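Here's the structure we're looking at; comments come further down.
We count ligands from 1, going down the list as the structure has it; atoms in each ligand are counted the same way. One is the number of the first residue; the rest follow in order along the sequence. Heavy atoms only: backbone and side chains are in, while hydrogens, waters and symmetry mates are out. All values reported here derive from a predicted model rather than from experimental measurement.
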Amino acid sequence: MKEKIIVTGGCGYIGSHTVIELIENNFEVVILDDLSNSNEKTIDRINKITGITPKFLKVDLKDSLKTDEAFKAHKDASAVIHFAAHKAVGESVQQPLKYYKNNFYSLLNALEAQSENGINNFIFSSSATVYGTPNVLPITEENETQRPFSPYGNTKKIAEEILDDYTKSNKEFSAISLRYFNPIGAHESGEIGELPSGIPNNLMPYITQTAAGIREKLMVYGNDYPTKDGTPIRDYIHVVDLAKAHVIAVKRLLKKEQEKSLEFFNLGTGVGYSVLDVINTFESVTNSKLNYEIVGRRDGDVPQLYASTNLAKEKLGWSTNKALDDMISSSWVWEQNLRNENN
Ligand code: UFG
């Protein structure tokens, strides 16, 4: 019999790619999603790619009764992967309460409901933002976390602290927190990818929307950082590589291979690229010119952030396969497919 995994936020960008990898690894998947920043069409697209339709329940995890009902109906699940959260850094600065309310109510209701229904394995979708402005690079999981600049980032840091307290108090319960660096790219089928609502915050969708003519030009936020070309350096990771790490982490919990009841892993490639590197690679991959302008710095941006990937390699046996060209060309294919569909 297939093991069942509950995926909250499974219609979202990273969630949907992970659902595909889970299905391809022979898991049964139940998606809980409120569709606040995603689309139910994703379910059909997952079917198109895998031949299987995951079960879908439209649930707002802020509602504790509905959350409990959903978990009760699937109490035979072996683990939960919790993606459901708001994630726009800028919006979280404008509307902190929306972020604290949504991200914490959802997390706490999911934890409570799953424990009450005897599901004791949990994968948390965290972020490299918990490292704040690091003093050491590449950054290892041993580094102290710092209060992130944004309320969004702070929800990730505090969620990790909640998991720390909870795993200590409940000996049955194990969790893995996966700290993502900068996920970009899309599934090779071109069927699923990121669906940013409104004006994108992140670099990659902003680039592809500019190239597609939806945005007039890309603003490059600062070229006076202490980096090789003055623009900030990040560790971009292909979303499919990232998704695969979730499957490995689930298997680790199911086989009880974890060494501590709460483990943390960086998910990055270990290689940093500047904003101009990304733009130049986009131009060469697509053989086009991107309209961009260097403007002032954006609040809260750190000069450099890239991962040490040693722990994930050693303990999970996971490493990334896809290079920056692949990430960028798949993002571009996805953007073009989206445009064709909307026209
Ligand atoms: N950038 C631009 N112009 C844009 C958008 C981004 O120049 O229009 C630059 C940023 O200044 C930054 C780089 O591109 O130097 C990457 O920016 P992103 O917004 O794509 O990514 P961030 O590194 O700022 O944010 C990511 C995740 C967040 C997470 C954060 C913390 O998207 O969820 O990392 O590390 F909180």
**Q.** Residue-ligand contact Gly153/ligand 1, heavy atom below 4.0 Å
**A.** no
Q) Between Tyr206 and ligand 1, does any nitrogen or oxygen pair lie at a separation below 3.5 Å? A) no
Q. Taking distance alone, with no angle check, do Lys87 and ligand 1 share an N/O pair under 3.5 Å?
A. no
Q. Which atoms of ligand 1 sit under 4.0 Å from any heavy atom of Pro232?
A. 15 (O)
**Q.** Selection from Arg298, Met219, Arg234 by shortest heavy-atom distance to atom 24 (O) of ligand 1
**A.** Arg298
**Q.** Phe122 ring center within less than 6.0 Å of His82 ring center
**A.** yes
Q. What residue and atom, counting heavy atoms only, is the protein's closest point to atom 9 (C) of ligand 1, and at what distance?
A. Val275 CG2, 3.8 Å
Q: Decide, yes or no, whether a salt bridge links Asp76 with Lys4 under the criterion of side-chain N to carboxylate O below 4.0 Å.
A: yes
Q: For ligand 1, note which part of Thr129 has a heavy atom under 4.0 Å away: side chain, backbone, both or neither.
A: both
Q) Among Leu107, Ile81, Ile176, Val80, whose side chain to side chain contact (heavy atoms under 4.5 Å, CB included) with Phe124 holds? A) Leu107
(Q) My understanding is that we take every heavy atom of each candidate and find the minimum distance to atom 7 (O) of ligand 1. Doing that for Tyr236, Tyr221, Phe149, which one comes out nearest? (A) Tyr221
(Q) Check whether Arg147 reaches the backbone of Lys157 with its side chain - one donor and one acceptor, N or O, closer than 3.5 Å. (A) no
Q. Ring centroid separation for Phe83 and His246, is it under 6.0 angstrom?
A. yes
Q: Could you find the nearest protein heavy atom to atom 20 (O) of ligand 1 and give me its residue, atom name and distance?
A: Leu203 N, 2.8 Å
Q) Out of curiosity, is Phe181 lining ligand 1, as in a heavy atom under 4.0 Å away? A) no
Q.
Taking 4.0 Å as the limit for heavy-atom contacts, which would you say applies to Leu305 with ligand 1: side chain only, backbone only, both, or neither?
A. side chain
Q.
Taking the six-membered ring for Trp, are Tyr236 and Phe181 closer than 6.0 Å centroid to centroid?
A. no
Q. With respect to Lys156, which candidate in Ser177, Pro148, Ser127, Ser150 satisfies the side chain to side chain contact (heavy atoms under 4.5 Å, CB included) definition?
A. Ser127
**Q.** For atom 18 (P) of ligand 1, the option (of Thr231, Val89, Asn202) bearing the nearest heavy atom
**A.** Asn202
Q: Would you indicate whether Lys2, at its atom NZ, is surrounded by more than 12 heavy atoms from other residues, nucleotides or ligands within a distance under 6.0 Å?
A: yes
Q | Side chain proximity check, Ser92 to Tyr100, heavy atoms < 4.5 angstrom | A | no
Q: Just let me know how Val302 lines up against ligand 1, side chain, backbone, both or neither, with a heavy-atom cut-off below 4.0 Å.
A: neither
Q.
Is there a polar contact, in the sense of an N or O pair closer than 3.5 Å, between Val220 and ligand 1?
A. no
**Q.** Minimum-distance protein heavy atom relative to atom 36 (F) of ligand 1
**A.** Tyr152 CE2, 3.1 Å
